[in-house]
Amino acid sequence: MASELLTDAALLPPLLLSIFAVTALTASDFFGRRRLRFLFKPLAALAFLWLALRLDALDSAYGSWLFAGLVLCMLGDLFLMPDDERSFLAGLVSFLCGHLLYAVAFMQLPANIPALLTSAVPALLLLVLVLRWLLPHVNREMKIPVALYTVVITTMLLCAGLTVGQAAAALVLPGAWGFALSDVAVARQQFIKRERLNPLWGTPLYFASQMLLAASVALV
């Protein structure tokens with residue numbers, strides 16, 4: 001049943017919307033057409049919400065929590081469209097809350113405690129490496145929010161590790177890790193070096209990860 005849902009022709013519209021919008025968004029950022037992000041970024045975010053609803057996300061506790069996280073991530077996407085620190089902070093808070101809701105969603109599934117011990121190693125390693133790399137470049141006012149956000153991402157990854165052994169883990173794990181790694185591109189662009197290559201890989205990775213998480217509701 002789950003595999004049938006994931007290959008259902010009814011899912012083609014949100015998938016096509018995502019491919020189109022993400023490609024256009026990535027191209028517009030790469031070529032400096034910044035105004036076009038106000039069109040294509042909301043469309044790309046709408047695609048993962050649409051996919052989750054097509055898969056009846058609200059019919060399960062897992063799907064409901066995940067959908068709430070997707071909504072907050074869409075808000076984060078909207079906040080990040082302008083290039084100013086206040087909007088960035090609002091986006092950071094939205095994504096932080098989204099990560100927490102994802103963590104709650106993952107905990108609705110039967111927990112695999114031994115898998116948590118295995119997933120803790122790469123998740124904590126990512127936490128340490130990112131903080132050591134990033135914090136020296138962050139101004140004093142943003143250090144605590146950035147550090148807190150990184151801890152919350154790590155928590156989300158640990159909770160994703162609890163799903164190992166469940167059918168949904170096939171989409172949850174690459175979705176959660178892809179989301180976390182895409183944040184590296186955002187952090188580099190915001191705090192270290194602004195260049196066109198950051199969104200070139202970070203944007204497609206982020207939206208692909210959100211689509212994987214949205215699709216995971218079909219496997220619960």
Side-chain angles (χ1 to χ4, degrees), residues 22 26 48 62 65-66 69-70 72-74 76-77 79-80 88-89 91-109 111-166 168-195 197-216:
V22 172
T26 304
F48 57 69
Y62 171 83
W65 283 107
L66 189 82
L70 290 169
L72 282 171
C73 288
M74 181 179 187
D77 288 326
F79 282 129
L80 289 185
F88 180 80
L89 184 57
L92 194 73
V93 172
S94 295
F95 280 116
L96 184 150
C97 294
H99 281 303
L100 287 175
L101 291 179
Y102 286 165
V104 173
F106 301 153
M107 289 190 291
Q108 304 305 306
L109 304 178
N112 185 334
I113 302 301
L116 175 63
L117 300 177
T118 302
S119 64
V121 175
L124 293 175
L125 181 61
L126 180 66
L127 171 68
V128 171
L129 291 177
V130 167
L131 288 179
R132 286 177 61 88
W133 164 69
L134 186 59
L135 284 183
H137 302 277
V138 178
N139 63 46
R140 186 172 60 183
E141 292 76 14
M142 290 294 293
K143 283 186 185 295
I144 292 178
V146 168
L148 179 60
Y149 182 78
T150 309
V151 170
V152 169
I153 291 176
T154 305
T155 302
M156 185 268 292
L157 291 176
L158 293 174
C159 291
L162 289 171
T163 69
V164 170
Q166 302 297 313
L171 300 179
V172 166
L173 291 173
W177 275 93
F179 191 174
L181 293 174
S182 73
D183 280 333
V184 174
V186 176
R188 190 171 189 273
Q189 183 77 351
Q190 183 70 23
F191 298 112
I192 297 179
K193 185 177 182 180
R194 302 187 69 86
E195 60 182 17
L197 291 179
N198 294 325
L200 187 62
W201 67 270
T203 297
L205 179 59
Y206 164 74
F207 283 105
S209 300
Q210 294 286 48
M211 292 293 281
L212 288 174
L213 290 172
S216 71

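In this view, Gln108 and Ala61, Tyr62, Trp65, Val104 satisfy the side chain to side chain contact (heavy atoms under 4.5 Å, CB included) rule, not counting sequence neighbours. Applying the side chain to side chain donor-acceptor pair (under 3.5 Å) rule to Tyr206 yields the partners Asp77, Gln210; only residues at least two apart in sequence or on another chain are considered. The side chain to side chain donor-acceptor pair (under 3.5 Å) test applied to Asn112 returns no partner, not counting sequence neighbours. With sequence neighbours excluded, no residue forms a side chain to side chain donor-acceptor pair (under 3.5 Å) with Gln166.
Going from atom CG of Leu66 over to atom CG of Leu213 covers 6.0 Å, rounded to the nearest 0.5 Å. Here CD of Gln189 is found 11.5 Å from CG of Leu80. Values are rounded to the nearest 0.5 Å. Annotation: the span from Leu135 atom CG to Met142 atom CE amounts to 11.0 Å, rounded to 0.5 Å. Between the CH2 atom in Trp177 and the OG atom in Ser182 there is a gap of 12.5 Å [rounded to 0.5 Å].
Pairing each heavy atom of Leu126 with each of Ala180, the nearest pair is CD2-CB, 4.4 Å. The two residues Ala185 and Trp201 have their closest heavy-atom pair at CB-CZ2, 3.4 Å. Of all the heavy atoms in Leu70 and Ala214, the pair that sits closest is CD1-CB, 3.9 Å. The minimum heavy-atom distance linking Phe179 with Ser209 is given by the pair N-OG, 3.2 Å. The nearest pair of heavy atoms linking Ala147 to Leu131 is CA-CD2, 3.9 Å.
Side-chain contact check for Arg194 versus Arg188: every heavy-atom pair is 4.5 Å or farther apart. Within the 4.5 Å cutoff, no side-chain heavy atoms of Phe95 are placed close to those of Leu72. Counting only heavy atoms from C-beta outward, the side chains of Leu89 and Pro145 approach each other to under 4.5 Å. Val93 has its side chain out of reach of Phe79: every pair of non-hydrogen atoms, C-beta onward, lies at least 4.5 Å apart. The shortest side-chain heavy-atom distance between Phe106 and Leu101 does not fall under the 4.5 Å cut-off.
Counting only residues at least two apart or in different chains, side-chain hydrogen bond (donor to acceptor under 3.5 Å, both in side chains) contacts with residues 132-149 comprise Glu85-Asn139, His99-Tyr149, Tyr149-Asp183.
Within 6.0 Å of atom CG in Leu117, more than 12 heavy atoms from other residues, nucleotides or ligands are found, so the atom counts as buried in its surroundings.
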Check residues 152-162 and write down every donor-acceptor pair under 3.5 Å in which the side-chain atom is one partner and the other belongs to a residue at least two apart or another chain.
{"from": "Thr154", "atom 1": "OG1", "to": "Thr150", "atom 2": "O", "distance (Å)": "2.9"}
{"from": "Thr155", "atom 1": "OG1", "to": "Val151", "atom 2": "O", "distance (Å)": "3.0"}

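In this structure a side-chain-to-backbone donor-acceptor pair under 3.5 Å is missing from Thr203 to Leu200.
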